[in-house]
Amino acid sequence: MSTELLIQYGVIPIIQILVVMIVVLTVVAYGVYAERKILAFIHSRLGPMRVGPWGLFQPIADGLKLLMKEDLRPSVADSLIFVMAPAILMLAAFSALTMVPFGEGTTMFGYEVPYVIADVNIGILAMLALSSLSVYAVVLGGWSSNSKYPLIGALRGAAQMVSYEVALAFTVVATLMIAGTMSTVGIVEAQRELGAWFFILQPVGFVIFVICMVAETNRLPFDLPEAETELVSGYFTEFSGMRWAFYMLGEYAAMIVMSCLAVTLYLGGWLRPFPNSELTAFLDVIPGPLWFVLKGFMFMYFFMWIRGTYPRYRYDQLMTIGWKVLIPISIANLFFTGIIILLVQAAAG
Amino acid sequence: MPAPERSLLFRVFLIDLLIGLWTTLKYTFKPNVTVQYPKERAAVHPNFRGILRVDDDKCIACFLCQKACPDNCIYLEGEKGLSKGSKYAAFFYIDHARCMFCGLCEEVCPVDAIYHSIEFAGATYSRADLVHDLEVLHKGHAIVHYER
């Protein structure tokens, strides 16, 4: 009995964590490659072509280069925080991945294997909390560098991430009201019961979520904390080598977390389109986790696509969009969603 | 200049942003326009003024190119040839570190002995190697082609 418990609650979670970590780290490494390729195609170029066939070994070469670089720390930097800041970003992004439901789960060798590391009842809240921890990495990294560009970048980052968090949370709340649960698995199950992905029920919320998602991860066109052309590279100007790589990996991991969150909340997680309709039953040949990954990659592509399309916003424009447009719309969305839920419940008796 | 006012429809449904996305999507599937340089070389125009070459069989050592050169990068010495009244260049040096590829020497040459090749990859490891002697000018300098 005890060995069974040990396997169920000790070995299986460790294997799950290892699988998620390895897959995500690979996706992060090749995300950089994919981004360079996609941007190149948008520019009618070819992108990395020299290392290996079609430049496929480029991430490995980049990683080796960064590992071998000298460990530089500015003499005036606050060294403890300087070392901590990149780690916080990685920690926040990777721990948020524990709540992502990749599939329905199966039974293997008599043991239950859920395709989610931790199905906690406050899943979405925890994911939002962990993803907003990354603001600490930005602020502390910029502060501890003791240099002007990182400080400006960090201040911008703090203001931007806090402002967009509000609109993001309001849109998510509207979705949670329909689902009636905060558990990530529960939200997907709710979408199966309703027979529709939530982006059909929440089109406005979905659009706002996507915009805030891009702003939350500091990606173009909202990359003001980084802003290569104005702030050198913002909050991580003073970072180099592996610490810089941590920031880079953290940014991509945050993109993955946000894509997973968007897929769970609005695109029905591991479900096929119209999960209750007989017409799309043939799509079940694609297993659940693959559906999830496909939808996730769609969002990752979208991140890179808009990077290749839009120029960076001016800082006042960014704040105007956040506070004067997105937050009022998201509150109105929340309000009308509440009214409609009340009406539906009243009609149902 | 204030930004042109868009209609409410455009602003609410983010039409401009969608048009932008559609444009970049179209370009994603267009063939690339760049040349993978060390592997393939871009075609140059026939009039391209590349590294100078000298055909020493034609050269009559008239010194016109040396006089025309604004940079003073040409140095040559003439000697009397075997047939009567003929001259040939015994020494011919062109300092490509100084040459500005203006083409005046090529224009002024009465026998078309000095000319610009279409070769442009002339990088060397030392400045002295940029001074080409008659042998190099005749054969063209050795180009190290990228192998892999």
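A, B, ... follow the sequence lines: proteins, then strands. Residue 1 opens every chain. Here the structure is a predicted model, which is why all the values come from computation and not from measurement.
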Non-hydrogen side-chain atoms of A/Thr309 and B/Thr23 separated by less than 4.5 Å: no

Just wondering, are more than 12 heavy atoms of other shown residues or ligands nearer than 6.0 Å to CZ in A/Phe335? no

Between B/Leu25 and A/Tyr301 the two heavy atoms that sit nearest each other are CD1-OH, 4.1 Å

Got a second to check how far A/His43's NE2 is from B/Thr24's OG1, nearest 0.5 Å? 9.5 Å

Look up atom CZ in A/Arg45 and atom CD in B/Gln36, then write down how far apart they are to the nearest 0.5 Å. 10.5 Å

Take atom CZ in A/Phe336; do more than 12 heavy atoms of anything else shown fall under 6.0 Å from it? no

Which heavy-atom pair separates B/Tyr27 from A/Ile42 by the least distance, and what is that distance? CB-O, 3.5 Å

With a 4.5 angstrom heavy-atom cut-off, could you sort out which part of A/Val207 is near chain B: side chain, backbone, both or neither? side chain

Would a 4.5 Å heavy-atom cut-off, applied to side chains only, mark A/Phe302 and B/Leu21 as touching? yes

Does B/Leu17 offer a backbone N or O that forms a donor-acceptor pair with the side chain of A/Tyr310 under 3.5 Å? yes

Tell me whether B/Lys87 at atom NZ has more than 12 heavy atoms from other residues, nucleotides or ligands lying less than 6.0 Å away. yes

Can you confirm whether B/Ile118 is buried at CD1, in the sense that more than 12 heavy atoms of other residues, nucleotides or ligands lie under 6.0 Å from that atom? no

Approximate separation, where rounding is to 0.5 Å, of A/Ile38 CD1 and B/Thr28 OG1: 8.0 Å

